[in-house]
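Notes for the one structure printed next.
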Amino acid sequence: MVKNLVIVESPAKAKTIEKFLGKDYLVKSSYGHVRDLAKKNQGVEIDNGFKPVYEISSGKKKVITELKKLAKEAETVWLASDEDREGEAIAWHLSEALNLKPEKTQRIVFHEITKTAITEAIKNPRGIDEKLVDAQQARRVLDRLVGFELSPLLWRKVKPSLSAGRVQSVAVRLIVEREQEIKAFKPDASFKVSALFYVEDKERTYEIKAELPSRFSTEEKAKTFLEQCAASEYRIADIEKKPGKKSPAPPFTTSTLQQEAARKLSFSVTKTMLIAQQLYESGNITYMRTDSTNLSKLALSMAKEEITRAYGEEYSKTRQFASKAKGAQEAHEAIRPTYLNKHAAGSSNDQRRLYDLIWKRTIASQMSDASLERTTVKIDVSKAKEQFIAKGEIIKFDGFLKVYFESRDDEEDAEEQKGVLPPLQKGQPMFLIEMEALQRFSAPPPRYTEASLVKKLEDLGIGRPSTYAPTISTIQKRQYVEKGIDEGKERPFKAWKLKQGEISSQNRTEKTGATKGKLIPTDIGSLVTQFLLENFDNIMDYNFTAKVEKEFDEIANGLTEWNRMIKTFYKPFHERVENSMETSEKVKGERLLGKDPKSGRNIYARIGRYGPMVQIGDKEEEEKPRFASLRKNQSIETITLEEALELFKFPRTVGTYEEEDLIVSIGRFGPYVKHKGKFVSLKKEDDPSVITEQRAIELVEEKREKERNKYIKTFDDEDIQVLNGRWGPYIAHKKKNYKIPKETEAKDLSLEDCKKIIKESGTKKKTTRKKKSK
DNA sequence: CAGTGAGCGAGCTTCCGCTTGACTT
């Protein structure tokens with residue numbers, strides 16, 4: 001029997017804390033929230049003052065049973081969840097779900113996981129802050145009402161299984177509107193002049209790059225300038241030296257970690273969080289879901305010590321960074337290595353790389369500014385009034401740059417690399433090597449990446465560190481947006497060159513607009529956004545979250561009652577829902593493409609039950625309409641009549657093999673060939689409209705070969721097989737699959753070995769495959 | 001799971017925020 005039961009949110013945290021508290025304390029984890037609104041009837045009794053109906057979350061029953069038992073035995077239960085709105089609610093739900101008696105329940109909070117912080121917290125317990133809990137209930141109920149009233153509206157008016165919500169719908173809106181900006185963008189052409197010069201001193205010559213600070217609006221003007229230059233001499237008009245400095249970026253929050261890991265390591269936000277979780281669980285980093293740039297006193301002193309030891313005292317500068325994130329709740333520290341003297345950690349390559357990034361960022365944040373000397377050289381052109389500018393930068397003291405430099409999203413800036421300039425003097429002559437005037441086009445705003453969308457959401461105060469990655473997944477899962485595969489276009493541009501007194505011109509081309517992995521809205525995403533904007537402009541407003549957050553704060557401060565706030569919101573909102581349900585037309589996004597040359601019937605592109613499709617004929621006509629789904633990368637907005645007609649050519653028989661037809665068609669998972677009842681997906685490079693019989697046979701055979709390789713080993717006991725799966729070899733036994741231990745060679749396994757592996761894995765935990773993830 | 005899209009219409013889908021796990025087309 002234990003005197004004290006301490007409950008925290010995360011098992012990794014529980015483990016650490018237990019070490020600090022003596023044997024009189026048992027530390028357990030609730031694994032996050034333990035109760036949630038019921039699924040049925042929205043989980044809210046709307047006519048009963050919006051009373052929430054809570055139930056133990058699925059999968060949390062075991063945790064609750066165990067905690068209940070321990071709580072009963074304990075003298076005191078310490079609720080030590082985070083000190084923010086959600087944390088307070090978790091404490092309250094625990095006290096409700098566990099039936100804790102107030103006299104033996106204490107609420108404590110701590111911001112650092114150190115022995116002093118925790119013992120201090122134990123000395124200063126308090127009760128549960130009911131006002132803060134109310135603010136959380138308001139947040140929860142509002143999200144539920146919005147989500148569970150808007151989504152069914154979409155099922156009726158657009159397509160089944162869609163979803164809408166305070167966070168996801170605004171995220172989609174951002175992407176949709178960015179795409180509209182890009183489509184509406186008219187590039188502005190101008191001519192940018194750059195030149196390469198050389199100067200001589202006694203010993204050697206140096207090359208210097210320079211640019212004209214302003215661009216020419218027309219080709220004629222650029223050409224005239226080059227002509228003037230052809231007859232010009234060049235001289236240094238002025239040299240200006242200015243001291244400058246650079247300061248390190250603050251330590252990582254969830255959002256900045258996701259951005260930097262995307263830029264420097266090409267991780268998706270999901271991957272970053274997964275790897276960070278592993279580092280957290282192995283005790284290498286602090287908690288990875290945080291909006292704070294704060295470092296604990298312990299971390300600051302560790303950093304100082306480490307920097308002084310490794311680089312010298314002059315490199316250390318202790319800093320605290322103010323959090324700029326809107327609505328930041330600061331329940332945790334910034335993301336940092338647990339031990340700053342550990343320069344490397346992690347058990348996989350990805351873990352080591354992410355750890356390295358976190359270590360460098362943290363250390364750099366506690367280092368001195370870099371001091372620089374920036375030099376600007378103005379160069380006179382004898383026959384023209386324009387001046388060239390050459391820029392140089394010398395690092396006088398590297399400071400934090402020794403360790404780390406933050407990357408940027410806009411690659412344009414990277415172009416402007418400033419090097420070291422040679423020693424120069426005012427009045428010194430310069431000699432032209434070559435000069436170029438290139439036609440440049442202004443660029444439309446860039447498409448969002450996963451990480452830049454997270455940054456934007458954070459700037460708007462929408463979403464929380466724990467939901468950034470899931471939100472990004474959701475809007476892709478619902479097929480509102482997809483990762484782009486825009487091939488871009490070839491764009492011609494003019495280039496003029498001046499070399500050895502000769503002026504020549506060239507027509508060159510460049511690739512523009514090509515994007516990979518950027519977020520692009522689908523037809524469904526655009527249409528749903530348009531529909532929601534027309535009917536629920538308030539919820540789609542970028543400031544909606546900020547506005548309700550303010551009201552949640554008022555609830556937390558006791559200025560408003562939570563259900564009063566919800567009532568004020570709900571009445572007009574619900575009216576809009578009802579009104580739209582009755583009066584809104586079904587959203588089809590229909591576009592008439594033209595007439596079928598064969599039958600003369602109309603051809604449309606529109607949204608169907610299963611997504612975007614094309615249709616021949618109207619349903620009123622005697623002959624039934626025919627349908628075909630759009631392919632990936634096709635859009636209702638841009639599909640042509642010819643492309644639509646192409647889609648109606650399937651299924652087509654491309655030949656025969658072993659006396660059966662080879663039928664090529666396009667299904668839910670893309671183009672495929674069907675033969676003897678088996679389906680084989682076409683490869684990326686195969687065009688289903690021109691694929692040959694020979695190629696189709698090749699694919700069928702390839703699939704058969706794979707099928708044969710699937711069986712690594714079979715035994716007399718037919719229940720057990722060693723198979724080759726997507727993730728390497730595994731053992732299949734009665735519909736369940738088992739991992740093969742690392743060092744074991746799959747083909748050497750005997751039946752006994754397999755049985756042993758199955759038996760041993762069975763002792764861990766029984767795993768039933770769920771048909772659907774919750 | 002692989003060409004569906006109306007018809008009869010049952011029963012289903014859905015939110016955000018806090019956690020981790022155990023898994024294979």
Side-chain angles (χ1 to χ4, degrees), chain A residues 8-13 29-37 39 42-43 57 59-60 63 81-82 84-87 89-90 93 136 139-155 159-169 274 277 280-281 287 289 331 462-468 470-471 474 478 545 588 606-611 613-615 619-620 624-629 647-648 650-651 663 665-674 677-681 706 710 723 725-728 730 732 736-739 761 764-770 772-773:
Chain A
V8 295
E9 283 162 75
S10 134
K13 197 168 165 183
S29 155
S30 75
Y31 295 84
H33 272 297
V34 291
R35 300 200 309 179
D36 192 16
L37 296 176
K39 283 268 180 211
Q42 305 191 107
S57 310
K60 291 290 167 60
V63 183
S81 45
D82 296 343
D84 59 12
R85 201 164 62 206
E86 297 297 329
I90 288 174
H93 279 300
Q136 193 272 351
R139 200 279 303 155
R140 182 67 193 92
V141 168
L142 179 107
D143 283 336
R144 170 55 70 83
L145 292 174
V146 169
F148 276 36
E149 296 217 356
L150 288 186
S151 300
L153 184 61
L154 294 181
W155 306 341
K159 198 170 99 71
S161 304
L162 294 177
S163 65
R166 173 176 60 83
V167 173
Q168 59 168 288
S169 297
L274 187 82
Q277 176 89 30
Y280 169 65
E281 281 171 12
Y287 195 59
R289 290 185 275 266
I462 299 172
R464 305 276 315 129
S466 66
T467 58
Y468 295 138
T471 300
T474 301
R478 298 269 175 276
T545 291
K588 287 185 174 164
R606 67 172 178 93
I607 298 277
R609 238 160 73 77
Y610 304 100
M613 61 167 195
V614 282
Q615 171 180 347
K619 71 173 177 208
E620 295 79 25
K624 278 185 191 167
R626 289 176 60 211
F627 306 98
S629 290
L647 293 171
F648 287 110
F650 300 102
I663 297 165
S665 192
I666 297 165
R668 287 230 295 135
F669 309 113
Y672 63 92
V673 54
K674 191 174 162 191
K678 288 203 168 168
F679 297 88
V680 188
S681 292
K706 232 192 195 160
K710 189 178 152 190
L723 301 179
R726 188 130 92 91
W727 288 273
Y730 67 98
K736 280 185 199 167
N737 301 303
Y738 302 86
K739 234 191 207 151
S761 81
K764 262 197 259 164
K765 225 175 239 175
K766 246 201 181 160
T767 57
T768 41
R769 197 160 111 72
K770 269 189 270 175
K772 252 185 178 176
S773 60

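So that the names make sense, note that chain A is the first sequence line, chain B the second, and so on, each numbered from 1.
- Distance Tyr672(A) OH to dT4(B) C1': 11 Å, rounded to the nearest Å.
- dC15(B) atom P lies 17 Å from atom NE2 of His33(A), rounded to whole Å.
- Atom CG of Leu150(A) is separated from atom C1' of dC16(B) by 14 Å (rounded to the nearest Å).
- Donor-acceptor pairing under 3.5 Å, judged by distance alone, is present between the side chain of Tyr610(A) and the base of dT4(B).
- If you take CG of Asp36(A) and P of dC18(B), they are 12 Å apart, rounded to a whole angstrom.
- Legend: residues meeting ring pair (Phe, Tyr, Trp, His ring centres under 6.0 Å) with Tyr610(A), ordered by chain and number and at least two apart, are absent.
- dT13(B) has its base stacked against the ring of Trp155(A), the centroids being under 5.5 angstrom apart at an interplanar angle below 30°.
- Taking a pair as Watson-Crick or G-U wobble with both distances under 3.5 Å, DNA chain B forms no stem of 3 or more consecutive pairs.
- Comparing dG21(B), dC16(B), dG17(B) by their nearest atom to the side chain of Glu86(A) picks out dG17(B).
- Contact between the side-chain N/O atoms of Ser466(A) and the OP1/OP2 oxygens of dC18(B) is found at a separation under 4.0 Å.
- Position along DNA chain B of the nearest nucleotide to Ser151(A) versus Glu281(A) favours Ser151(A) as the more 5'-ward residue.
- Using a 4.0 Å heavy-atom cutoff across all strands shown, Thr474(A) reaches sugar-phosphate atoms only and no base atom.
- Atom CD1 in Ile663(A) sits about 12 Å away from atom C1' in dA2(B), given to the nearest Å.
- For the atom pair CZ of Arg626(A) and CE of Met613(A), the computed distance is 13.0 Å after rounding to the nearest 0.5 Å.
- Comparing dG17(B), dG5(B), dT14(B) by their closest approach to the side chain of Arg139(A) singles out dG17(B).
- Look at CD on Gln136(A): it is 14 Å from C1' on dT19(B), rounded to the nearest Å.
- Judged by closest nucleotide on DNA chain B, Glu149(A) is the one of Gly463(A) and Glu149(A) placed further toward the 5' end.
- In this structure, Ser29(A) does not reach the dT19(B) phosphate: none of its side-chain N or O atoms is under 4.0 Å from OP1 or OP2.
- The salt bridge (charged side-chain N to carboxylate O under 4.0 Å, His left out) search around Asp143(A) returns Arg139(A), Arg166(A), not counting sequence neighbours.
- In the set dT13(B), dT19(B), dG17(B), dT19(B) carries the atom at the smallest distance from any side-chain atom of Arg289(A).
- If you check dT13(B), dA2(B), dC16(B) against the side chain of Thr467(A), the one that comes closest is dC16(B).
- Counting heavy atoms from C-beta on, the side chains of Pro160(A) and Arg609(A) come closer than 4.5 Å.
- Side-chain to base pairing of Arg140(A) with dC15(B): one donor and one acceptor N or O lie within less than 3.5 Å of each other.
- For Phe648(A) and dT4(B), the CZ to P distance is 12 Å, given to the nearest whole Å.
- A gap of 13 Å separates the C1' atoms of dT25(B) and dA2(B), to the nearest Å.
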